[in-house]
Peer 1: 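Provided herewith is a single structure, encoded as structure tokens, for subsequent inquiry.
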Amino acid sequence: MGTEREIRVRFAPSPTGALHIGGGHTALFNWLWARHKGGRFVLRIEDTDRERSTQAYEETIMSGMRWLGLDWDEGPDVGGVYGPYRQSERLNLYRENAERLVREDKAYREGEAIIFRVLPGEDLSFDDVVYGRIEVASDGLREKGSDELKDIVLIKSDGMPTYNYAVVVDDHLMNISHVIRGEDHISNTPKQILLYHALGWELPAFAHLPMILGKDKKKLSKRHGATSVYEFRDMGYMPDSVFNFLAILGWSPGDDREIFSRAEAVELFELSRVVRKPSVFDPDKLNFINQEHLKRLDPMTRLEMVRPFWQELGLPIASHDDAWLADALTLMGGRGKTAKELAGFSDYFVSFEPVKARYTPEFSEEEKADLKDFFTKLLAVPDWTDSALEAQAREWVAQRGVKMKDYAMTLRFALTGMKVSPGIFEVAQHLGRDETRRRLAHYGLI
RNA sequence: GGUCCCAUCGUCUAGUGGCCUAGGACACAGCCCUUUCAAGGCUGCGGCGCGGGUUCGAACCCCGCUGGGACCGCCA
């Protein structure tokens, strides 16, 4: 008991862009593992590329993680005993250890740079938590198109450490127990192992994650459309949905469960159940998952999801109380894959204006007389409930021997300006007698 | 070109030698429900890449082939 090494994992993005869906996936699995094991999740900023790193991107990445609900225990903003957590602030650490290697004749200087000498015959194989044993030929570090073993740059001419070196120093000094990262790093691992050996440090456990591919089976990139987690937020996907979707990309709980909460994912997550095959990002599946989460939301939370999109449409939300708006959304049932769609589909509850803009019918006098009779009697029902309204409507069409559909559709258009909506008598009930009358009057139907 | 990894329905996956005439989910199609569209219910379509072994028995183990992916920067 308590003899196992403390679980410490890290997500180490470089601040050269927004939080990408692939980065989110990696961050998520690290977070899941830390939370599942009761360990620590560290955020480290790898800003050694002076050209491309910016403070703004660092903040964007952090807020993207917060949006996804991935909170970290140590990081540049919250600190921690293993700090600092920005590589640009750890330069002395990289230099000290590199100079030690120079003194031990394991590395040499070349101008301002420090370069590690790669000797032949090293065993570069390792055990990966998800991939198992990875056998690497000792000459696996050969230079492209050459037979020469390629030495590893530790410190660049600008004084900054290279990725492969800094990651080793940091993971060791930050006492990282599991290095969980994308499969694209699998071929970097042997180099890093060489450095661990040279430095005399114990290896962390390595766990590589399958890549996320686009529909064309190529590594997901901008060409595939939305890739930053913010784009998904702006399209009306909920953080819990993106979280859920990312979690089942390359991992499954083993049973048939696919829709789950953060807490359930933490409970169920196992690194050993991560698959080895790259998976294709399927927007249809994301839509489905989002819709499921949207349906499960309590009315008030759903309202908060939809509110910004109603706002975006310029609708006068303030003229209704929240409970009424939330109920309107409940009436929408499973309609809409995203909060944005749901907002667009339900605008007529908030305001009559979009309805007027959409629906501009022209009735003949004959049609009008007929409809007027129908609607006048409908408006006169004693209790304004959907069942009473429907009963009245059915009685009226039965007497005339006409189709319910024709009248229900006219009512639907007049109330919503759309050809699809929830049950139209329910909509009328929710809008209320006065608002229904106002809308019908606008079209001259009463 | 070199190194490494991977291979079950279109997609995400379950499956670790017999329970598999391969299960679930998305998507797709049809039906039911119905004032519309969703939702929901039911049904259907669809897969172990190929070839050799091993075994009484292979989706599961081994080999080869084919296919796909990743990496080979003083980028991370």
Peer 1: Pick base, sugar-phosphate or nothing for A:R335, based on heavy-atom distances below 4.0 Å to the nucleic acid.
Peer 2: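 Counting heavy atoms under 4.0 Å across all strands, the contact made by A:R335 includes a base.
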
Peer 1: Name the orientation class of the two ring planes belonging to A:F363 and A:Y359 (parallel below 30°, tilted from 30 to 60°, perpendicular beyond 60°).
Peer 2: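 Aromatic pair A:F363/A:Y359 classed perpendicular.
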
Peer 1: In whole angstrom, what separates A:K191's NZ from B:U3's P?
Peer 2: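 Nearest whole value for this atom pair: 15 Å.
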
Peer 1: Looking only at side-chain atoms of A:T48, point me to the closest of B:A76, B:U35, B:A70.
Peer 2: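 Nearest nucleotide to the side chain: B:A76.
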
Peer 1: Starting at CZ of A:R52 and ending at C1' of B:G73, how long is that distance when rounded to a whole Å?
Peer 2: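 So the two atoms are 11 Å apart, to the nearest Å.
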
Peer 1: Describe the nucleic acid contact of A:S14 in one word from base, sugar-phosphate, nothing, applying a heavy-atom distance below 4.0 Å.
Peer 2: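 Touches sugar-phosphate only.
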
Peer 1: Report the distance from atom NZ of A:K217 to atom C1' of B:G49, rounded to the nearest whole Å.
Peer 2: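 Checked: the NZ to C1' distance equals 12 Å.
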
Peer 1: Can you tell me which nucleotide in B:A27, B:G69, B:U36 comes closest to the side chain of A:R412?
Peer 2: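 Per side-chain heavy atoms of A:R412, the pick is B:U36.
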
Peer 1: Touch check for A:F281, heavy atoms < 4.0 angstrom, all strands: base, sugar-phosphate only, or nothing?
Peer 2: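 No contact.
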
Peer 1: By nearest nucleotide on RNA chain B, pick out whichever of A:D49 and A:D256 is the more 5' one.
Peer 2: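 This one resolves to A:D256.
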
Peer 1: Looking at B:C74, I'd like to know if its phosphate oxygens (OP1 or OP2) sit under 4.0 Å from a side-chain N or O belonging to A:K150.
Peer 2: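 Affirmative; the distance criterion is met.
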
Peer 1: Nearest to the side chain of A:E46 - B:G40, B:A76, B:A70?
Peer 2: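 When the side chain of A:E46 is considered, B:A76 is the closest of B:G40, B:A76, B:A70.
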
Peer 1: When you compare the side chains of A:Y94 and A:D170, does any donor N or O come within less than 3.5 Å of an acceptor on the partner?
Peer 2: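 Side-chain D/A pair, A:Y94 to A:D170: present.
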
Peer 1: Hey, which of A:L195, A:T189, A:N188 is the one that makes side-chain contact (heavy atoms from CB on, under 4.5 Å) with A:K191?
Peer 2: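 Output: one option passes, namely A:N188.
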
Peer 1: Give A:H208 one of three labels, base, sugar-phosphate or nothing, depending on what nucleic acid heavy atoms sit under 4.0 Å from its own.
Peer 2: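 Result for A:H208 = nothing.
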
Peer 1: For the pair made of CZ in A:F260 and C1' in B:A25, what is the distance, rounded to whole Å?
Peer 2: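 Going from A:F260 (CZ) to B:A25 (C1'), I get 12 Å.
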
Peer 1: Can you work out whether A:F425 or A:R133 has the more 5'-proximal nearest nucleotide on RNA chain B?
Peer 2: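 Of the two residues, A:R133 wins.
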
Peer 1: Taking the six-membered ring for Trp and the full ring for Phe, Tyr or His, determine whether the centres of A:Y196 and A:H172 are under 6.0 Å apart.
Peer 2: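 So the answer is no for these two rings.
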
Peer 1: Take the angle between the ring planes of A:F349 and A:H430 and call it parallel below 30°, perpendicular above 60°, tilted in between.
Peer 2: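 Geometry flag for A:H430 against A:F349: perpendicular rings.
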
Peer 1: Compare the minimum distances between each of B:U36, B:U11, B:A14 and the side chain of A:V280, then state the nucleotide with the smallest one.
Peer 2: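 Within the option list, the nearest is B:U11.
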
Peer 1: What contact category does A:G336 fall into here, base, sugar-phosphate, or nothing, at under 4.0 angstrom with non-hydrogen atoms?
Peer 2: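 Counting heavy atoms under 4.0 Å across all strands, no contact is made by A:G336.
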
Peer 1: For A:N287, report the nucleic acid contact type (base, sugar-phosphate, nothing); a contact means any heavy atom under 4.0 Å.
Peer 2: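 The answer is nothing, as A:N287 stays clear of every strand by at least 4.0 Å.
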
Peer 1: Is A:V275 touching bases, backbone alone, or none of the nucleic acid, heavy atoms closer than 4.0 Å?
Peer 2: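 Sugar-phosphate, backbone atoms only, no base.
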
Peer 1: Heavy atoms under 4.0 Å, any strand shown: does A:S252 hit a base, just sugar-phosphate, or nothing?
Peer 2: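 The answer is sugar-phosphate, as A:S252 gets under 4.0 Å only of primed atoms, P, OP1 or OP2.
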
Peer 1: Looking at every strand, decide which applies to A:I134 at a 4.0 Å heavy-atom threshold: base, sugar-phosphate, or nothing.
Peer 2: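 Touches sugar-phosphate only.
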
Peer 1: With a 3.5 angstrom cut-off on both distances, give the Watson-Crick or G-U wobble partner of B:C4, or none if there isn't one.
Peer 2: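 B:G69 - that is the nucleotide pairing with B:C4, both distances being under 3.5 Å.
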
Peer 1: Counting only distance, no hydrogens or angles, is the base of B:A25 paired donor-acceptor with the side chain of A:K285 under 3.5 Å?
Peer 2: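 In this structure, the two groups form a donor-acceptor pair.
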
Peer 1: Just compare B:C12, B:C4, B:A39 and give me whichever is closest to any side-chain atom of A:I186.
Peer 2: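 For A:I186, the side-chain atoms sit closest to B:C4.
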
Peer 1: To the nearest Å, how far apart are A:R302 CZ and B:A39 P?
Peer 2: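 Rounded to whole Å, this separation is 15 Å.
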
Peer 1: With sugar-phosphate meaning primed atoms plus P, OP1 and OP2, does A:R181 contact a base, only sugar-phosphate, or nothing at under 4.0 Å between heavy atoms?
Peer 2: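 No contact.
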
Peer 1: Give the nucleotide from the list B:C37, B:A25, B:A76 with an atom nearest to the side chain of A:K156.
Peer 2: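 Per side-chain heavy atoms of A:K156, the pick is B:A76.
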
Peer 1: Between atom CD1 in A:I114 and atom C1' in B:C74, what is the gap in whole Å?
Peer 2: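 Interatomic distance, CD1 of A:I114 to C1' of B:C74: 12 Å.
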
Peer 1: Nearest-Å distance, OH (A:Y359) to C1' (B:U36)?
Peer 2: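 The answer, rounded to whole Å, is 14 Å.
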
Peer 1: So what does A:K219 touch, heavy atoms closer than 4.0 Å: a base, only the sugar-phosphate, or nothing?
Peer 2: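 A:K219: backbone/sugar contact only, no base atoms under 4.0 Å.
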
Peer 1: Report which part of the nucleic acid A:K277 touches: base, sugar-phosphate, or nothing (heavy-atom distance under 4.0 Å, all strands).
Peer 2: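 The answer is sugar-phosphate, as A:K277 gets under 4.0 Å only of primed atoms, P, OP1 or OP2.
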
Peer 1: Side chain of A:K218: nearest nucleotide among B:G69, B:C12, B:A27?
Peer 2: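 Selected nucleotide: B:G69.
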
Peer 1: Over how many whole Å does the gap from A:Y165 atom OH to B:A76 atom P extend?
Peer 2: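 Value for this atom pair: 14 Å.
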
Peer 1: Let's see if you can work this out: which of B:C12, B:C6, B:A39 has an atom nearest to the side-chain heavy atoms of A:Q291?
Peer 2: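 My answer, after comparing the listed nucleotides, is B:A39.
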
Peer 1: In plain terms, say whether A:R117 and A:D151 are close enough for a salt bridge, that is, a side-chain N and a carboxylate O under 4.0 Å apart.
Peer 2: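 Answer for the salt bridge query: no.
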
Peer 1: Tell which nucleotide pairs with B:A76, taking only Watson-Crick or G-U wobble pairs whose two distances are both under 3.5 angstrom.
Peer 2: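 For B:A76, the partner nucleotide comes out as none, under the 3.5 Å rule.
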
Peer 1: Side chain of A:E183 only, please: which of B:C5, B:U11, B:A39 is the nearest?
Peer 2: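 Nearest to the side chain of A:E183 among the choices is B:C5.
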
Peer 1: Any idea which of B:A70, B:C12, B:U35 is nearest the A:E390 side chain?
Peer 2: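 The answer is B:U35, which lies nearest to the side chain.
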
Peer 1: Please determine if A:E58 and A:R86 form a salt bridge, counting it only when a charged side-chain N lies under 4.0 Å from a carboxylate O.
Peer 2: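 Yes, charged N to carboxylate O under 4.0 Å.
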
Peer 1: Is it true that A:E99 and A:R103 make a salt bridge, defined as a side-chain N closer than 4.0 Å to a carboxylate O?
Peer 2: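 Answer for the salt bridge query: no.
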
Peer 1: Hey, does A:P422 reach any base, or is it just sugar-phosphate, or nothing, if we go heavy atoms under 4.0 Å?
Peer 2: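 Base, at least one base heavy atom under 4.0 Å.
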
Peer 1: Could a donor-acceptor pair under 3.5 angstrom be found where the side chain of A:S157 meets the base of B:C74?
Peer 2: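 Result: at least one qualifying N/O pair found.
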
Peer 1: Please classify the nucleic acid contact of A:E258 as base, sugar-phosphate, or nothing, using heavy-atom distances under 4.0 Å.
Peer 2: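 Base contact - A:E258 has a heavy atom under 4.0 Å of at least one base atom.
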
